[in-house]
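If you're wondering where the values come from, they're calculated on a predicted model, not measured in any experiment.
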Amino acid sequence: MKPRQTLLSLLGAALCLLGQPGIASAQTPAVIPNETPAQRDARMAWFREARFGMFIHWGVYSVPAGEWNGKTGYGEWFLEETKIHVSQYEKFADQFNPVKFDAKAWVKAAKDAGMKYIVITSKHHDGFGLWDSQLTDWDIARTPFKRDPLKELAAECRKAGIKFCLYHSIMDWHHPDWGQRRAWNDLAANAGPPDMDRYTAYMKGQLKELLTGYGPLGLLWFDGEWEKPWTHERGVDVYEYVRSLQPSLIVNNRVGKGRSGMQGMDKGNGVGDYGTPEQEIPATGFGPGVDWESCMTMNNHWGYNKADFSWKSTQTLVRNLIDCASKGGNYLLNIGPTAEGEFPAVSMDRLQQIGAWMKVNHDAIYGTTASPFKRLAWGRCTTKVAGTTTTLYLHVFDWPANGKLGLPGLKNPVLSATLLANGRTLSVATNSTGVIVSLPATAPNALSSTVVLKIQGAPEVETILRMQSADGSVQLPASEATTHGQLRYEVGDGKDNIGHWTNPEDWVEWQFRATQPGKMEVSVELAAEQSGKFILELAGQKLEGTAPITGSYTKFQRLSLGTLNLGTGDATLTVRPIAAGWQPLNLKSVTLTPVK
């Protein structure tokens, strides 16, 4: 292994790398040419076409496999969460010997699943590098393994036509110059105060190694930008630097400081090319030209945890992929390999099952754009436009018992309708509310079945208001609400509600059409862990409610609020928090029932 290098020698090496002709130094930011919208579209084209990628979190944290001192909840944040001394953590590197690692097998698993790119951790927050860096001995070269898995993966990705991409942490718990040094970093005890200029030079030196030694990268996936030492100005500098090394490189928004928490999209002064929601899928897309990607785990951890058996079903994973594509985004699905270098068996099973679905349905994912419909009660829609013809891929999650698939508000002439699985032609009817497709009795695939509907022209969808039922009741489900603020509609894994309602300034509304006036009993279906108050309003009439404590955010209870008078015509009903003492709640539905 390389001898432990001094801080000054590392800094000198980093500045030497940065100071080579044509390479911007830490003090002189790189300047990349102004990019026209057409040039940006060309750079982003492969990313928008791909829609599906593999995330890999792998490092020495896979050695303890999530367990320490009888606790089994750890993952890639092992060092931070256990707060063991860095000198003790370094011993895991001496045990990291993934002799079963097979780059070709990993790439094949991703490709067979229908994934178009791989993003692997070159360095996570613990600072350990999966390549042999000349700027530190805290890397793969100090392990018994010694091989360079990044180089092997890059080569296999090129052979398979998969984009090779890297995750790189800005935050570094191991490095003595990271500005928010941990008390348990005993190796930095005598290093003097942290110096972010020195750290940035070190980081840029490592990035230069990766961007000049591993061929063209598809994208750089930064992370760990939220701590105070990292600034917007440093983010701009690094973004411009890496783009100067590879001008076609795509860079995520975590290089800067604009990200809005786990929701992942920039607020205000952002840097980077696309947003990064984490462990969630936005309720809606963000419109043309706004690129984003939801990264999500298969279970509850990013890094390998041998005790985590909370695996998502194949149906959930497939529908997550569809959900992202239907909103104009990508789905980055994570694998946490073992310390031996293998994908967990359950992960492999899920990848193979997703691949079987993608083999039939890939046309409905790759290169698609967002749905023209606000929401569809039975599933999702993705879109492709070719000349004067638009193809709507209708992803049917809930196969209709009556065999009638409704597309409310669709005004375009229909050219054809078929099942993607077998090419079977389907009959289509139109009426005042839209288009109805007649389906066979049985769905081709329980995960999701795809109807291919070709229409003339760009989609024209008229908003169809929910109508009062024949019995006089009005049912307002969460799926049809319009949300205002950061709260959002949650669906999947038993969820079908408005959630993340933490801000008392956020509110929801429904619009519907009433044909039978009268006095209505109003009730809401909600779940809450603490009691908060809210106001429901209809036509200037207000009812106040206090959420009952239901025990969890998934245990719903119906609460009667009182009565209101309903007139005829179009109506708007709103629900707003009472700011004083507000506590989050999940809202599933509002129901208006005629008073007899």
Side-chain angles (χ1 to χ4, degrees), residues 1-5 10 13 17 54-65 75-76 78-79 89-112 115 117-169 172 174 202 205-218 220-221 302-304 306 334-345 347-348 351:
M1 123 179 128
K2 298 189 292 294
R4 183 175 294 279
Q5 296 162 287
L10 294 177
L17 279 171
M54 175 182 284
F55 216 175
I56 301 175
H57 278 69
W58 196 38
V60 297
Y61 44 79
S62 64
V63 172
E76 72 293 341
F78 183 96
L79 180 56
Y89 184 75
E90 281 194 349
K91 294 176 182 178
F92 289 135
D94 301 330
Q95 304 170 54
F96 188 67
N97 191 21
V99 293
K100 295 182 180 179
F101 169 69
D102 183 341
K104 185 175 182 178
W106 282 21
V107 172
K108 183 178 187 300
K111 186 169 185 175
D112 288 351
M115 294 159 161
Y117 59 108
I118 291 175
V119 183
I120 184 170
T121 48
S122 55
K123 182 191 82 164
H124 205 265
H125 308 324
D126 62 355
F128 179 82
L130 273 182
W131 80 106
D132 183 8
S133 173
Q134 298 308 299
L135 302 180
T136 181
D137 65 348
W138 180 230
D139 62 28
I140 196 72
R142 70 173 290 160
T143 70
F145 189 58
K146 298 193 183 301
R147 286 160 48 192
D148 186 336
L150 299 188
K151 196 168 287 290
E152 294 178 29
L153 277 170
E156 292 299 333
C157 281
R158 283 192 292 274
K159 292 177 187 176
I162 299 293
K163 288 283 186 181
F164 179 66
C165 312
L166 293 176
Y167 167 112
H168 200 80
S169 175
D172 191 324
H174 184 277
Y202 166 79
Q206 286 202 316
L207 288 168
K208 181 179 183 294
E209 291 180 336
L210 295 168
L211 288 164
T212 58
Y214 292 82
L217 299 185
L220 265 177
W221 212 103
W302 299 98
Y304 177 65
K306 64 184 179 183
N334 184 71
I335 304 287
T338 68
E340 293 73 36
E342 293 184 305
F343 288 173
S347 296
M348 284 298 298
L351 291 176

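- Between the side chains of W131 and E209, at least one donor N or O lies within less than 3.5 Å of an accepting N or O.
- Counting heavy atoms from C-beta outward, V60 and Q95 have side chains that stay 4.5 Å or more apart.
- Residues S62 and T338 are not in side-chain contact: their nearest non-hydrogen atoms beyond the backbone lie 4.5 Å or more apart.
- Looking at L150, L153, L166 one by one, the single match for side-chain contact (heavy atoms from CB on, under 4.5 Å) with Y214 turns out to be L150.
- The side-chain heavy atoms of T121 and L130, taken from C-beta on, include a pair separated by under 4.5 Å.
- Side chains of S122 and H168: a donor on one and an acceptor on the other come within 3.5 Å.
- Here the two rings, on H174 and F128, have centers that are 6.0 Å apart or farther.
- Residues satisfying the ring-ring contact (aromatic ring centres under 6.0 Å, His included) test with Y89, not counting sequence neighbours, are F92.
- When side chains are defined from C-beta on, W106 does not count as touching I118, because their heavy atoms never get closer than 4.5 Å.
- For the residue pair D172 and H125, no side-chain donor N or O sits within less than 3.5 Å of a side-chain acceptor on the partner.
- Taking the six-membered ring for Trp and the full ring otherwise, the centers of W58 and F96 sit less than 6.0 Å from each other.
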Query raised in the report: Going through the checks in order, is the side-chain contact (heavy atoms from CB on, under 4.5 Å) test met by N334 and H57?
Result: CA-CA 7 Å; N334 184 71; H57 278 69; 2.9 Å; yes
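- Between P337 and F101 the shortest side-chain heavy-atom distance does not fall below 4.5 Å.
- A donor-acceptor pair shorter than 3.5 Å can be found between the side chains of Y167 and H124.
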Query raised in the report: Can you list the steps and then say if L135 with Y202 is a side-chain contact (heavy atoms from CB on, under 4.5 Å)?
Result: CA-CA 7 Å; L135 302 180; Y202 166 79; 3.9 Å; yes
